[in-house]
Amino acid sequence: MLKFRNILVLLGLLGCALARGAEPVTLSGDRDQVEVARSMEVLVDPEGHWDFQTVRGRLASRFRANDSAELNFGFTGSVIWLRFALDAGAVAGEDWYLVERYPILDNITLFAPTADGGYRRVDMGDTLPFHHRLMNHRAFIFPLESGAPASRDYYVRISGKGAINLSPMLYSATGLVEYTYRDILVYGVFYGCLLIMVIYNALLALSLKEPVYLYFVAFLVGITVFNLNINGFGLQFLWPEVPKLNEYYWLGIYICTPALAMYSRHFLGLKERFPRYDRLIRGYLLGIAVLLVVQLLIPAPWSYYLSTLLVVITVLLFSWLGWTVWSRGYRAARLYVAAWFVFLGLIFVFVLGNLDWVPYVSVITMLPHLGALWVVVMLSLALGDRIRFLEQERNLLFQEARESLERHVREIEQMNRDKSTFLQYVSHELNTPINWIGAAEGLGDDDQAADARALVRKGQQRLVGMVSTSLRYFDLADRHQPPLLGRCQPLLLLEALLASRAGALRGRRLTVDNRVGAGLCVRANEAELQEVLAIALDNAIRFSHPEGRVRITGRALSEEAEIRIADGGRGAGPGQLESLFEPFFVMGSRHHEEGYGLSLAMARVMVEQAGGRIWAESGGPDQGFTLVIRLPLG
């Protein structure tokens, strides 16, 4: 019976040897590291019920060769078995190690052959306290026996609730030292940069008293906690006896995401500039609180799936938000956009790698670190960029405030000058009728007294007209709301004005040449436009030489309509053209029987409040006078 069992074992081993297609790994003294993944064979146990003896014996022929340098099985509930043959006869007396560089495997067990033909079992994984490891290293390091005269089979069993990614290598003692040195150097630089950023932004928060820096510090702390967990440094240095904490690596995400949301609210100025997006961020924060409660209640691996989904949603949301705010003119968001778009691409590749949707390589495990470092640097620069833009905005607001103050000072000074001019004008206007009244008191009832009383009535009428015209001007100049505007046809208004002034035109024997087209329309207040045209037409009639000609033209420009009313009268000098529009300015003598010096000033106020312009042109004394009015097309 014993002989028969031995025969079966020998036949099983022979079947294993015939079934295996991978070449054995041969160690030599001229290499310090050897890739082993391509020499491994894979067997997947969907239910996780097979033991080592079953796998080595009855199921040995089911192993399949692997042709990739890295192995990725994604999120799976299956148990993965690996087998490889090792020939270490050429390195007798040297120390060699099997190193699995992916540090967050829940369970990894090596079945190593012994000299007596049996197998030695070595259990590791991040579900075991750290002291179970044979070497003080974040990676899983299994010492190998060298010097055996022929190749021997090694088996590795891997299981876990998270993604199963494998990067196995064989290292000599020298190679392991070099690998450890490179590993510490790379992660030392990474965590050193994070520490510098934390200290720098914490100091800025203390000095500038801005909460945005505190939120950024919280974001950096969350990134640090998350990466310490997935790098294996947390179990190695912080909680070596509490491996259960490794299942809660996603807590770092729940530190990062709300801190990032608050950082973005303040950095992008959502509450002031984009209140709709601010409400979106508040809803996102509420959703994070709900997800945290759910994730604490559900077991792994579903909690891992949920945290991965949250990361994807967060990156997509803030990438879109930064792009939208930047495209709407907030230039300080440009580095924010650059940070998240690059991070989005790296995380996308990382997620695809963990899901086994793209070929897995070891650099994929570094993508979250590279992305986090990129985001940290870019967001730090973005804060400085934001300070510069805020400084520019402050300077611009200061400049605008100074210009506004200077403009108000000029307006006040002009009002003081107008007041002085008005007082001088009123005192002059009052002096004449007062003299007339004084002269009339000493007269009897003869014709001379009647003439004096007529002068008194004329002075009274002039004073009443001056008061009403002044009140009209000040009402126009002081109103804060523009008049109601509509579509007006200047030709119809001009024809009505010319008809009402037909007697005055005949009295001075003036000819009017009206060339305003019927299709010309402007946007203005019709009553005030008629008043402006009346002022222009009355000035042309008043100052034209007898038997002269008044020319009225109108044309449409690109966005404005231009109306010109020209006469051939006495004109004005270059220094007088702008003064004509000042209140109480009159040509020649300070006292003018027929005007108050307010008509053109009122015309300018009404035209400018309708969004137009008005000015005067003249070739000089006795060269005629042209009033130009421009208004928006209707």
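Residue numbers start at 1 and run along the sequence shown. For the numbers below, each heavy atom of this structure counts, side chains included, while hydrogens, waters and symmetry mates do not.
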Measure the spacing between NZ of Lys271 and CZ of Arg265 and express it to the nearest 0.5 Å. 6.5 Å
Non-neighbouring partners of Ala202 that pass side chain to side chain contact (heavy atoms under 4.5 Å, CB included), sequence neighbours left out: Val217
Throw together a table of side-chain donor-acceptor distances under 3.5 angstrom for residues 84-91, partners on residues two or more places apart or in other chains.
from: Asp87; atom 1: OD1; to: Gly89; atom 2: N; distance (Å): 3.2

What residues form a salt bridge (charged side-chain N to carboxylate O under 4.0 Å, His left out) with Arg121, not counting sequence neighbours? Asp123
Only residue of Trp81, Tyr155, Tyr154 satisfying ring-ring contact (aromatic ring centres under 6.0 Å, His included) with Phe111 is Trp81
Closest heavy-atom pair and its distance - Glu70, Leu166: OE1-O, 3.4 Å
Using the ring-ring contact (aromatic ring centres under 6.0 Å, His included) criterion, which residues pair with Tyr187? Sequence neighbours excluded. Phe233, His369
Can a donor-acceptor pair be found, under 3.5 Å and without considering hydrogens, that links the side chain of Arg101 to the backbone of Met169? no
Heavy-atom closest pair (Leu270 atom, Ile281 atom, distance to 0.1 Å) is CD1-CG1, 3.7 Å
Ring centroid separation for His137 and Tyr179, is it under 6.0 angstrom? yes
With a 4.0 Å cut-off, would you call Asp153 and Arg83 a salt bridge? no
For residues 249-259, dump all side-chain donor-acceptor pairs below 3.5 Å to protein atoms at least two apart in sequence or in another chain.
from: Trp250; atom 1: NE1; to: Glu247; atom 2: O; distance (Å): 3.1
from: Tyr254; atom 1: OH; to: Gln295; atom 2: OE1; distance (Å): 2.7
from: Thr257; atom 1: OG1; to: Ile253; atom 2: O; distance (Å): 2.9

Ring-ring centroid check Tyr277 Trp320, cutoff 6.0 Å: yes
Give me each pair satisfying ring-ring contact (aromatic ring centres under 6.0 Å, His included) with a member in residues 283-302, each pair once, sequence neighbours excluded. Tyr284-Phe318, Trp302-Tyr305
